[in-house]
Amino acid sequence: MLLINDIRADKGGIIARLAKRGKDFTDLVNQAISLDDKRKNTQSEMDDVLSESNKISKEIGKLFAEKKIEEANAMKARTGELKEKSSALGEQLKAYEAELLDVLYQIPNAPGAAVPAGRSETDNTIILEHGEKPNLTQKLPHWELCEKYNLIDFELGVKITGAGFPVYRGKGARLQRALINWFLDKGRDAGFEEIQPPLFVNEASGIGTGQLPDKEGQMYHMEVDNLYAIPTGEVPITNIYRDVIVKEADLPIKNCGHSPCFRREAGSYGKDVRGLNRLHQFDKVEIVQLSHPTKSYELLEDMSSYVQNLLKDLGLQYRVLLLCGGDTGFASAMTYDMEVWSAAQEMWLEVSSVSNFETFQANRLKLRFKNSNGKNEYAHTLNGSALALPRIMASILENFQTPKGIIVPEVLRPYCGFNVID
RNA sequence: GGAGAAAUGGCAGAGUGGUCGAACGCACUGGUCUUGAAAACCAGCGUACCGCAAGGUACCGGGGGUUCGAAUCCCUCUUUCUCCGCCA
């Protein structure tokens, strides 16, 4: 959520930035400010009452010490009223805080300076396109290739669990494992510390990265233990830094980690969910960075080129989109999407999304660093997929298919131990 | 899963109802001294909110309660440790 002090400091600017999402947030912003005013006034009033009541308590203590029991008991009467007053003010303060939070939760991140205005994906800017569309002599979609070479069994997953939980086997499983290991090694080479996070998180973590309270429907929830299956490694990895004050000199902090991701994807159906396009369980390697506020947009560009280099090394044709305000995720200030060409489906598949959240996540996480003035300041957070496995698998299978088999990208061969799938 | 013990500032560790937001030590920061460093000495050193400031308020694992007053008493949850059981 946005920092209320940022909103107060530049109300007009924030409203203008938010307007790039194709919606007017003036009312919500005004509501937030007026609730914050009420909050401040109530707090002030309550502090005064408490201050007086503390003073009286100390006097009573003194009187007891001097054995002036009568006088002490007489003073007790005066505190009753104050107590009632302060607890009423306390209730009111809590109510205002809750209301303010509720309003702030409804305001998305303010898009960054470079983000174009727009309402939907049609307003996104194509930054660049890299590579040539492959010239295929056969054009089987990946689900047919999976069946032909016995790589991924979707039916079997349905039997064991349900739709969207495929079974990878043989060279399919090995290719997937090769990709994961290669991604992690590339991450390490680029200075990211490797993390193996928990796959279930508690409520506090869900709130920290913004999945809760609004989007709980998208996560699998284990009610017995009140734990949530992670929808992305971003959740546990970013929550490492919840309630943490890092050293300024340690920034940027770079983490990467592989994890399965679990998404209920309620409401998805049709051709979008065919094959590997949309799953309930899939694997992803995530990169996360904590940045100094002055450096975060530089790091966003770094992350974008890092991801692009992975795609280049794999030999995939891709394009980079700068998302317009309306298509930028709720928590993000600026997002690049990387899409890979799927040669048989003849469509672009989103394989990565790298975002700068500025202080939006850090605010909820209470992730700060001590600046040179000794003041605590909110850090910026960034993250991106590097990369999500299923659609990479799909495009490798489709784009590198030949009548004699699927040619494995060279960088993966040492990892999987075969050059061709036939 | 059963029985018991514990949770205090970056660390360590006092404090069992009233000048305790919290001793002492270590670490850290600034200063004196020194050619420089170490040592020694002096000073500072948690977080958040309100306030122009002075100052005020809250926080001793989380939440609730008792009391004029809670780090301290009570309830509850969580976590850690020890023993038993089970187990990759």
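Both backbone and side-chain heavy atoms feed into the values below; hydrogens, waters and symmetry mates do not. Note that the coordinates shown come from a computational prediction; the quantities given were computed from them, not determined experimentally. Order of the sequence lines fixes the chain letters, A, B, ..., with proteins taken first and strands second; residue numbering starts at 1 for each chain.
Using Watson-Crick or G-U wobble geometry with both donor-acceptor distances under 3.5 Å, B:rU67 finds no partner in any strand shown. With a cut-off of 3.5 Å on both pairing distances, B:rA22 has no Watson-Crick or G-U wobble partner at all. When both distances must be under 3.5 Å, the Watson-Crick or G-U wobble mate of B:rG44 is B:rC28. Base pairing analysis places B:rU16 opposite nothing; no Watson-Crick or G-U wobble pair with both distances below 3.5 Å involves it. Applying the Watson-Crick and G-U wobble criteria (two distances, each under 3.5 Å), B:rA37 pairs with nothing in any strand. Across all strands shown, B:rC60 has no partner, as no Watson-Crick or G-U wobble contact with both distances under 3.5 Å is found. Partner assigned to B:rC81 is B:rG4, using Watson-Crick or G-U wobble distances below 3.5 angstrom.
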N/O donor-acceptor pairs under 3.5 Å from side chains in residues 407-420 of chain A, not counting sequence neighbours:
residue  : atom : partner  : partner atom : Å
A:Arg413 : NE   : A:Val408 : O            : 2.9
A:Arg413 : NH2  : A:Val408 : O            : 2.8
A:Tyr415 : OH   : A:Asp185 : OD2          : 2.7

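Between A:Arg21 and A:Asp327 there is no salt bridge, since none of the side-chain N atoms of the basic residue sits less than 4.0 Å from a carboxylate O of the acidic one. Between A:Arg17 and A:Asp10, none of the side-chain N atoms (NZ, or NE/NH1/NH2) sits under 4.0 Å from a carboxylate O, so this pair counts as no salt bridge. Using a cut-off of 4.0 Å between Lys/Arg side-chain N and Asp/Glu carboxylate O, A:Lys254 and A:Glu286 are scored as not salt-bridged.
For A:Phe192 and A:Tyr306, the distance between ring centers is under 6.0 angstrom. Here the two rings, on A:Phe369 and A:His292, have centers that are under 6.0 Å apart.
Spacing between atom CG of A:Asn376 and atom P of B:rC45 amounts to 15 Å, rounded to whole angstrom units. Atoms NZ (A:Lys375) and C1' (B:rU47) sit 12 Å apart, rounded to a whole Å. Between the CE atom of A:Met46 and the C1' atom of B:rA58 there is a distance of 8 Å, rounded to whole Å. As a whole-Å value, the separation of A:Asp250 CG from B:rG10 C1' is 14 Å. Between the C1' atom of B:rA58 and the CD atom of A:Glu97 lies a distance of 11 Å, rounded to the nearest Å. Atom CG of A:Asn202 and atom C1' of B:rU79 are 12 Å apart (whole Å). For the pair A:Lys55 NZ and B:rU19 P, the computed distance is 17 Å after rounding to whole Å. Spacing between atom CG of A:Leu63 and atom P of B:rG18 amounts to 16 Å, rounded to whole angstrom units.
Considering only side-chain N and O atoms, A:Arg368 lies nowhere under 4.0 angstrom from the phosphate OP1 or OP2 of B:rU47. OP1 or OP2 of B:rU47 has at least one side-chain nitrogen or oxygen of A:Lys370 nearer than 4.0 Å.
Pairing each heavy atom of A:Ile237 with each of A:Ile195, the nearest pair is CG1-CG2, 4.1 Å. Taking each heavy atom of A:Gly405 and A:Tyr149 in turn, the nearest pair found is CA-OH, 3.4 Å.
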Every protein N/O within reach of nucleotides 49-53 of chain B N/O, cut-off under 3.5 Å:
residue : atom : partner : partner atom : Å
B:rC49  : O3'  : A:Arg39 : NH2          : 2.5
B:rC49  : O2'  : A:Gln43 : OE1          : 2.4
B:rC50  : OP1  : A:Arg39 : NH2          : 2.9
B:rC50  : O2'  : A:Ser44 : OG           : 2.3

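Taking the C1' atoms as reference points, B:rG46 lies 23 Å from B:rG31, given to the whole Å. Taking atom C1' on both nucleotides, B:rC86 is separated from B:rU72 by 39 Å, rounded to a whole Å. Spacing of P atoms, B:rA38 relative to B:rU47, comes out at 26 Å, to the nearest Å. For the C1' atom pair drawn from B:rA70 and B:rG55, the interatomic distance equals 25 Å after rounding to whole Å. B:rA71 and B:rG61 have their P atoms separated by 10 Å, given to the nearest Å. B:rG65 and B:rC59: their P atoms are spaced 13 Å apart (whole Å). The separation of B:rG4 from B:rU8, taken at their P atoms, amounts to 22 Å, rounded to a whole angstrom. Look at the P atom in both B:rG17 and B:rC73: the space between them is 8 Å, to the nearest Å.
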CA sep, side-chain torsions, deciding dist, call: A:Arg8, A:Asp37, salt bridge (Lys or Arg N to Asp or Glu O under 4.0 Å): CA-CA 10 Å; A:Arg8 300 188 76 109; A:Asp37 285 339; 2.6 Å; yes
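A donor and an acceptor atom, one from each side chain of A:Lys171 and A:Asn150, are nowhere located under 3.5 Å apart.
No option in A:His380, A:Arg242, A:Glu234 other than A:Glu234 meets the side-chain hydrogen bond (donor to acceptor under 3.5 Å, both in side chains) test with A:Gln361.
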What is the per-nucleotide protein-contact pattern of nucleotides 61-72 of chain B, from the 5' end, where B denotes a base atom under 4.0 Å from a protein heavy atom, S denotes such proximity for sugar-phosphate atoms only, and - denotes neither? ---S---BS---
